[in-house]
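What's counted below: heavy atoms across the whole structure, side chains too, no hydrogens, waters or symmetry copies. Proteins come first, then strands; the chains are lettered A, B, ... in the order of their sequence lines, and each starts at number 1.
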Amino acid sequence: MSGLVHGAQYAVMIVSSLLAVIAIGIWFERKFAGRMQSRLGPTIVGPVGLLQPLADVVKLLQKEDIVPKDADRALFDLAPLLAVLFSLGAAAVVPFSPTAVAADLDIGVLFILAIGALMVIPTFAAGWASNNKFALLGGMRAVAQSVSYAVPLVLVVMVPVILSGSMRVSEIVTFQSEHHWFAVWPIIPGLPAFALFFIAMLAESNRIPFDIPEAESELVAGITTEYTGAKFVLFYMAEYVHTLVGSAVGAALFLGGWDGPFKPGLHWMVLKTLLLFTAVYWVRWTLLRFRSDQLMDLCWKRLVPIAVGLVFLAAAWVQFVPGAR
Amino acid sequence: MSASIGFGFVAACAVLSALFVVRVKNLVHAALWLGVTLIATAGLYAMLDASFLAGVQVLLYVGGVSVLMIFGVMITRKHDGLVVEAESTSGPRGVFAAVGLFAVLATSIVMTPELDGAVAVETVTARHLGRSLLVDHVLAFEVVSLLLLIAIIGAVVLARRRDHGVERKELPAPRREEVSS
């Protein structure tokens, strides 16, 4: 029973801090994007536009909730909720400090991958249930994309697992704090694995340059074409949460989690997560969108073979380098 | 006590959603219900301390197989709007097979004498599984993976052979009525 209470406490804590980060994150992204495009970003609402996210949320929640006439009503309503639920799920096993973890599962890494694989379902359901050609095309693309990119993601995530010899995320972090961060040493396969993880994470959370499921210039808004008001907010939030949780996973698996100079602890984990989160937006406002076929080319012809090679190298490192584990 | 309540809930989810899988008229809904069944089954595994199996079940069956089925339905079936009709013509036979299988399983479970007492079973961790698959039974493991590889290559060859001889221009024009909005 105490496990339930513990889980509930952490769930409330994680969800509320994620929401706070997302609110600031929206403001930050708009400012950041503005600066990158030589404009100011939001300036009107509140000091330096800080209250802009609040205004955005109020505006979106006021909007009429429109459901297309021939939509699949149950699925249409369920999809945004499931999207938020599944994107939050992985946060349960990520340790933010040696003590702050909701459920330090024995199969932590596998759990993260499994929950990530579930994200396909709400995305597809939204595209299907909207009964809209653009939404359906967006849904199909999203499924093809995340199923493909799950392959290199699973493979590169195996690199820290092999190097540390555990699937429990907290043990992987502890191993890194006792040896080196995996993104630093062993530099091969550690650093390329981290880079591949970052690319696959961008693709899994449908961020530019991998946002072809949305692709506003060709598909209107992809799967969210028919969504309005609160349900649209939920999709928007799910995307942010997915990126944020993905950044936290990357920070824990490759950047040493809570480990850091001076005083290890929660603040290092938060800092690393936010840095990765910022990097996502940096990429987002720098690059253009890939075409569907370029996306598949990149995944199957480049990333998958490299990822397989990295897994081999990691195994060889553990096997042949004395004191590697 | 709380364990049996949890078991009842998860088992009920599994059975009810499985029932929906075979009774629902819309094939896409059926495929999504199958996802629920598979998640509930993973829940049962997790309750039996087989957490690795539960994770793999969700990753491969829910994230892979059920999505593949949805794709299969969408690509192979002609559908008008959102309804992809499921034509079930073998209801009585299905009921007969299900009841028969249940009878066989139930009798074999009841007849097994060792199930009376509570037996302490060692939890199988991912470490145990890895050791047993890649050290103790490595030959069988590799044979199976080779078999799967052959199956994949075979599938690709079969799929490509059908493409041969069909020139691009001979492909029929895309159907207009595929999705009516």
Step through the shown structure and confirm whether more than 12 heavy atoms of other residues, nucleotides or ligands are within 6.0 Å of CE on A:M296.
-> yes
Distance (rounded to the nearest 0.5 Å) between B:L32 CG and A:W128 CH2 | 9.5 Å
Selection residues 77-86 of chain A - residue pairs positive for side chain to side chain donor-acceptor pair (under 3.5 Å), sequence neighbours left out | A:R73-A:D77, A:D77-A:K231
Would you mind checking which part of A:M119 comes under 4.5 Å of any heavy atom in chain B, side chain (CB onward), backbone (N, CA, C, O), both or neither?
-> neither
Could you note down all residue pairs passing side chain to side chain donor-acceptor pair (under 3.5 Å) where residues 301-319 of chain A supplies at least one of them, sequence neighbours left out?
-> A:D297-A:K301
Write out, in numerical order, the residues from residues 57-67 of chain B with a heavy atom short of 4.5 Å from a heavy atom in chain A.
-> B:V58, B:L59, B:V62, B:G63, B:S66, B:V67
So which residues of residues 105-114 of chain A are in contact with chain B at a heavy-atom cut-off of under 4.5 Å?
-> A:D106, A:I107, A:L110, A:L113, A:A114
Tell me, for B:I39 versus chain A, whether the close heavy atoms (under 4.5 Å) come from the side chain, the backbone, both or neither.
-> side chain
